[in-house]
K.L.:
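I am attaching a structure below and will ask some questions about it afterwards.
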Amino acid sequence: MSDIQSKAWTYKTTTGGFVKNLSLTDYPIPDFKQDHVLIEVFNASLNPGDYKIPDLPFGSCSGGNDDDQRNLYVAQIVLSIHRDPKTLGTLKTIMWVHRDSVYPLPENIPTEHGSGFDMGALTAYQAIVSYANSPSGKVLISGGSGGVGAFCIQVAKTLGLYAIATCSEAGPPLCKEHGADVTLDYKSPTLQDDLRKTQVDLVVDDVGYDPQFHRRSEGFLKPERQFVLVAIMDRDWAGIRSMLVSFFVPAWLGGPSRKRKAIFTRSQLGDYAAVAALAREGKLKVVADSVFSFEHMPKAFERLKSGQAKGKIIVDVSTHATKVNTKRS
Ligand SMILES: NC(=O)c1ccc[n+]([C@@H]2O[C@H](COP(=O)([O-])OP(=O)(O)OC[C@H]3O[C@@H](n4cnc5c(N)ncnc54)[C@H](OP(=O)(O)O)[C@@H]3O)[C@@H](O)[C@H]2O)c1
């Protein structure tokens with residue numbers, strides 16, 4: 001093991017934002033961990049939580065090569081995510097991952113797309129399948145052109161739901177390609193009226209910037225139906241206040257009347273298997289917004305932070321691959 005080289009992007013402070021503090025370092029491969037699998041990363045894909053969590057005022061800040069696994073959250077590799085956010089995954093070339101968080105990549109999926117079936121696909125699956133209690137109902141997906149939103153549309157269509165996606169004027173072709181039945185421009189002044197006319201059975205919020213969205217959903221989400229909040233961290237103080245009202249003030253005391261559930265993606269083998277099966281059947285496809293080399297990680301994060309990605313941002317780590325022969329299941 002000792003002659004294998006591993007590299008990692010690490011940071012020692014988050015002052016000025018953690019992306020500005022990233023540096024590429026040699027990283028020793030930690031010793032064997034019980035119930036973990038040693039993984040070499042060929043491709044990773046980024047998620048907004050990867051910068052939001054370290055940048056939180058109370059977020060973790062690691063000391064670089066100290067082997068405490070907290071140098072970065074998170075490099076999701078093929079069908080794998082870190083199951084425990086407290087151990088904050090990592091942007092490493094080689095790492096240990098808990099065996100319950102690894103699932104074979106279907107043969108027909110190219111490895112460069114494999115990393116795209118990570119957090120985004122799993123999140124969409126858990127947001128839609130668990131809450132779509134009306135088999136032929138209508139679902140509103142806020143943020144249909146993003147990494148999670150694109151998967152939400154596809155998962156909704158596999159269930160036979162009628163998918164309405166919001167996006168900017170550039171988004172409709174992509175949303176339609178994924179199967180959206182209708183797209184609505186989120187900047188349109190008639191958006192609320194258009195939604196009111198439609199009436200939906202489920203709302204999945206993959207954007208989260210609008211603290212009043214849950215309250216306004218009373219106008220278009222049928223009573224007793226679920227508002228599922230995926231985008232949890234995009235909050236200023238007004239947003240946090242609104243979120244607390246949504247969660248803790250009952251309707252009879254003035255809180256929003258529609259049920260709201262905030263979800264945190266769970267690393268569950270059964271869900272991996274379901275996502276892999278859909279991918280194998282061609283019902284879930286990855287759209288790559290862009291591909292960055294491992295050396296250009298900060299640029300990849302800048303693209304992610306722009307909030308304008310259309311699909312997944314993929315990081316190519318293959319130039320660091322060792323000469324170990326790889327097999328696909
Ligand atoms: N709860 C969890 O466990 C969990 C798991 C994964 C992700 N998340 C969260 O889910 C959110 C989405 O993640 P992501 O990977 O999909 O992000 P993303 O790919 O960066 O999302 C970017 C997309 O959002 C669209 N967008 C921006 N503002 C919009 C608005 N007001 N209405 C509709 N669309 C809008 C953009 O479209 P335009 O460029 O056309 O504006 C762009 O296509 C993030 O907040 C992330 O942190 C949470």
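Computed over heavy atoms, backbone and side chain alike; hydrogens, waters and symmetry mates excluded. Just follow the structure's listing: the first ligand is 1, and inside any ligand the first atom is 1.
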K.L.:
Please could you name the atoms of ligand 1 that Thr265 approaches to less than 4.0 Å, counting only its heavy atoms?
P.N.:
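With Thr265 as reference, the close atoms of ligand 1 come out as 2 (C), 3 (O), 4 (C), 5 (C).
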
K.L.:
For Gln308, take its heavy atoms, then give the atoms of ligand 1 lying under 4.0 Å from any of them.
P.N.:
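This gives 39 (O) as the contact atoms.
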
K.L.:
Below 3.5 Å, N or O to N or O, backbone or side chain included: is there any such pair between Ser142 and ligand 1?
P.N.:
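No, no N or O pair falls under 3.5 Å.
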
K.L.:
Atoms of ligand 1 less than 4.0 Å from Val148 heavy atoms?
P.N.:
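Contacts of ligand 1 toward Val148, numbered from 1: 7 (C), 13 (O), 14 (P), 15 (O), 16 (O).
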
K.L.:
Just which atoms of ligand 1 are under 4.0 Å from any heavy atom in Gly143?
P.N.:
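This gives 33 (C), 34 (N) as the contact atoms.
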
K.L.:
For the side chain to side chain donor-acceptor pair (under 3.5 Å) test, which of Asp26, Thr25, Thr93 pairs with Lys7?
P.N.:
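Testing Lys7 for a side chain to side chain donor-acceptor pair (under 3.5 Å) against Asp26, Thr25, Thr93 leaves exactly one candidate, Asp26.
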
K.L.:
Is Val230 in polar range of ligand 1, meaning some N or O pair under 3.5 Å apart?
P.N.:
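Yes, Val230 has an N/O under 3.5 Å of an N/O on ligand 1.
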
K.L.:
Any donor-acceptor pair under 3.5 Å linking the side chain of His214 with the backbone of Arg258?
P.N.:
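Side chain of His214 to backbone of Arg258: a pair is present.
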
K.L.:
Should we say atom NZ of Lys259 is surrounded by more than 12 heavy atoms from elsewhere, each under 6.0 Å from it?
P.N.:
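Yes.
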
K.L.:
Within this structure, what is the NZ-CG distance for the pair Lys261 and Leu202, rounded to the nearest 0.5 Å?
P.N.:
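Answer rounded to 0.5 Å: 13.5 Å.
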
K.L.:
Where the side chain of Thr166 meets the backbone of Gly143, is there a donor-acceptor pair that is under 3.5 Å apart?
P.N.:
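Yes, because the side chain of Thr166 sits within donor-acceptor range (under 3.5 Å) of the backbone of Gly143.
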
K.L.:
Need the ligand 1 atom indices (1-based, order shown) with element for anything under 4.0 Å from a heavy-atom of Val207.
P.N.:
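Those qualifying, in numeric order: 28 (N), 29 (C), 30 (C), 31 (N), 32 (N), 33 (C), 34 (N), 35 (C).
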
K.L.:
What do we get for Met119 next to ligand 1 when only non-hydrogen atoms under 4.0 Å count, side chain, backbone, both or neither?
P.N.:
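Contact part for Met119 vs ligand 1: side chain (C-beta onward).
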
K.L.:
Identify, by atom number and element, the atoms of ligand 1 in contact range of Phe264, meaning under 4.0 Å from any of its heavy atoms.
P.N.:
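Listed by number with element: 3 (O).
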
K.L.:
As an exercise, state the distance from CZ of Phe151 to CE of Met119, rounded to the nearest 0.5 Å.
P.N.:
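Result: 12.5 Å between the selected atoms.
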
K.L.:
May I ask you to list the atoms of ligand 1 that are less than 4.0 angstrom from any heavy atom of Ala309?
P.N.:
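Near Ala309, meaning under 4.0 Å from one of its heavy atoms, ligand 1 has 22 (C), 23 (C), 42 (C), 43 (O).
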
K.L.:
Membership question, hydrophobic clusters at under 4.5 Å side-chain separation (ILVMFWY): are Tyr125 and Tyr103 in the same one?
P.N.:
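Yes, Tyr103 connects to Tyr125 through the hydrophobic network.
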
K.L.:
State whether the shortest distance between N or O atoms of Gly171 and N or O atoms of ligand 1 falls below 3.5 angstrom.
P.N.:
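So ligand 1 has no N or O lying under 3.5 Å from an N or O of Gly171.
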
K.L.:
For this output row, return yes or no: ring centroids of Phe117 and Tyr272 closer than 6.0 angstrom.
P.N.:
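Ring centres of Tyr272 and Phe117 not closer than 6.0 Å.
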
K.L.:
Does an N or O anywhere in Asp206 fall below 3.5 Å from an N or O of ligand 1?
P.N.:
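Asp206 vs ligand 1: no N/O contact under 3.5 Å.
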
K.L.:
Using non-hydrogen atoms of the residue, decide whether Ala170 is closer than 4.0 angstrom to ligand 1.
P.N.:
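Contact check Ala170 vs ligand 1: negative.
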
K.L.:
In this structure, does ligand 1 have an atom that sits under 4.0 Å from one of the heavy atoms of Gly307?
P.N.:
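So Gly307 counts as touching ligand 1.
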
K.L.:
As a check for students: among Ile263, Leu304, Thr123, identify the option with a heavy atom nearest to atom 6 (C) of ligand 1.
P.N.:
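Among Ile263, Leu304, Thr123, the closest heavy atom to atom 6 (C) of ligand 1 comes from Thr123.
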
K.L.:
Does NZ or CZ of Lys138 lie under 6.0 Å from the centre of the six-membered ring of Tyr162, at an angle within 45° of the ring axis?
P.N.:
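Yes, a cation-pi geometry.
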
K.L.:
Please check this pair: side chain of Trp9 against backbone of Phe294, looking for a donor-acceptor N/O pair closer than 3.5 Å.
P.N.:
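Yes, the answer is positive, given that a donor and an acceptor are paired below the 3.5 Å cut-off.
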
K.L.:
Please compare Ser168, Gly208, Ser145, Cys175 and report which has the shortest non-hydrogen distance to atom 37 (O) of ligand 1.
P.N.:
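Result: the heavy atom closest to atom 37 (O) of ligand 1 is in Ser145.
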
